[in-house]
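Working notes, structure below.
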Number of protein chains: 2
Amino acid sequence: MSLRHAVLGLLSEGPASGYDLMKLFDLSLSNVWPATQSQLYSELGKLADAGLVSVAAEGARGRKEYAITEEGAAELRHWITEVEPVRTMRSDMLLRVFFLAQVDPQEARAYLRRQAELVTKHLEHMESIRNFVDSGQDNLSVYGRIALEYGLRLGTVQREWAEWAEEQIR
Amino acid sequence: MSLRHAVLGLLSEGPASGYDLMKLFDLSLSNVWPATQSQLYSELGKLADAGLVSVAAEGARGRKEYAITEEGAAELRHWITEVEPVRTMRSDMLLRVFFLAQVDPQEARAYLRRQAELVTKHLEHMESIRNFVDSGQDNLSVYGRIALEYGLRLGTVQREWAEWAEEQIR
DNA sequence: CTTCGACATGTCACGATAGGAACGTCATAA
DNA sequence: TTATGACGTTCCTATCGTGACATGTCGAAG
């Protein structure tokens, strides 16, 4: 049920259409909670049915601008402070590690080296984002930077771990 | 499509029944790729239909022992070495961070402190697992330890990050 | 001999994810 | 004027994940 709260969270910064939210997602939340366009629109519909958001205005091209309601804001705060985050980590990359014995040692090492490289690329990408959004003073930017810092630290240990793991394989 | 490869991976260490796999999952893969019993059984059925595993023996209580086939082993190796891991990270915990501006600063700090505590608990749990499985010499144990090391390092930075983030909030 | 816990599989329903097709509008530049 | 690209929504299909429920067998303890 996190997508619903992601949408509420974005709307808590101001009204937006499904289309707006899609773009916002792409440049902020997509790294911590990916969602597709169809998911967004259907979620907005459900949210409106549930009274957590309302259609604040209808614009050109059938545009519907949604605004968070008081119930929606309350639900968001409740979710943030009182609902325990579910810690289900799923990693395709790490799953493979369990089975590396099924391939040659040099292939296993190559796999880990490749992961280290991919992480490096991702780190560079995050660095460039940091330089880009460093100036924003809105809530999403401020806390987005804190989340980004998480990504940077995570990437760093991933790389160190991959290099360490490669050395473990003989 | 990773559950299918998780099952193939476990079967590559030797034949097992759905029930066996369930237990294996719980004590090895569940931290990187959770799966429920119903998923396992239906996946085994599909795998058998696809010829990637075969029913090697039928035992008491309707037990069906599955074994990986040559096609299955080939598919597993192919997946490990040639399929790019999808890096879709989803974090309920991190998503909330984006919206911490919606609650009081002291609540935001409490949230981060709580996450640090939860991570600490999880780290202790992983340490105890490490002491427990440190002796195993089978493939899954050897590579499981490498995966566990990942978990330990990850947990450590998560905690450091949460503590750092808490300080950022004024 | 009964009961209980471990063994063992299967099914159903619901919601979440993924990805794309279909449809239409508006502004603007060639 | 017309083509194009950005805007904008809706619907559809398929697979995955979650949790509960139903159904039974076997061995061992009491």
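In the text below, chain A, chain B and the rest are named by the order of the sequence lines, each starting its count at 1.
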d([atom1], [X]; [atom2], [N]) in whole Å:
X	N	atom1	atom2	value
B/L24	C/dC7	CG	P	13 Å
A/L47	C/dA16	CG	P	11 Å
A/F25	C/dT17	CZ	C1'	13 Å
B/M1	D/dG17	CE	P	11 Å
B/L3	C/dT17	CG	P	17 Å
B/E58	D/dT25	CD	P	16 Å
B/E43	C/dT11	CD	P	15 Å
B/R4	D/dA14	CZ	C1'	15 Å

Can you tell me how far apart CG (A/L140) and CZ (A/R145) are? Round to the nearest 0.5 Å. 11.0 Å
What I want to check is whether the side chains of A/H122 and A/Q158 have a donor and an acceptor closer together than 3.5 Å. no
How close do A/L8 and A/L52 get, heavy atom to heavy atom, and via which atoms? CD2-O, 3.9 Å
Minimum-distance pair of heavy atoms, taken over all atoms of A/Y111 and B/P85: OH-CG, 3.7 Å
So A/F99 and B/W79, would you call those rings parallel, tilted or perpendicular, with 30° and 60° as cut-offs? tilted
Using OP1 and OP2 only, check whether a side-chain N or O of A/R90 sits under 4.0 Å from C/dT17. no
Under 4.0 angstrom between A/K46 side-chain N/O and C/dC14 OP1 or OP2: no
For nucleotides 8-10 of chain D, tabulate all protein N/O to nucleotide N/O atom pairs closer than 3.5 Å, reporting atom names and distance.
residue : atom : partner : partner atom : Å
D/dG8   : OP1  : A/R63   : NH1          : 3.2
D/dG8   : OP2  : A/R63   : NH1          : 3.1
D/dT9   : OP1  : A/K64   : N            : 3.0
D/dT9   : OP1  : A/K64   : O            : 3.4
D/dT9   : OP2  : A/G18   : N            : 3.3
D/dT9   : OP2  : A/Y19   : N            : 2.8
D/dT9   : OP2  : A/Y41   : OH           : 2.4
D/dT9   : O4   : A/Q37   : NE2          : 3.2
D/dT10  : OP1  : A/K64   : NZ           : 2.7
D/dT10  : O4   : A/Q37   : NE2          : 2.6

Residues B/K121, B/E124: salt bridge by 4.0 Å N-O rule: no
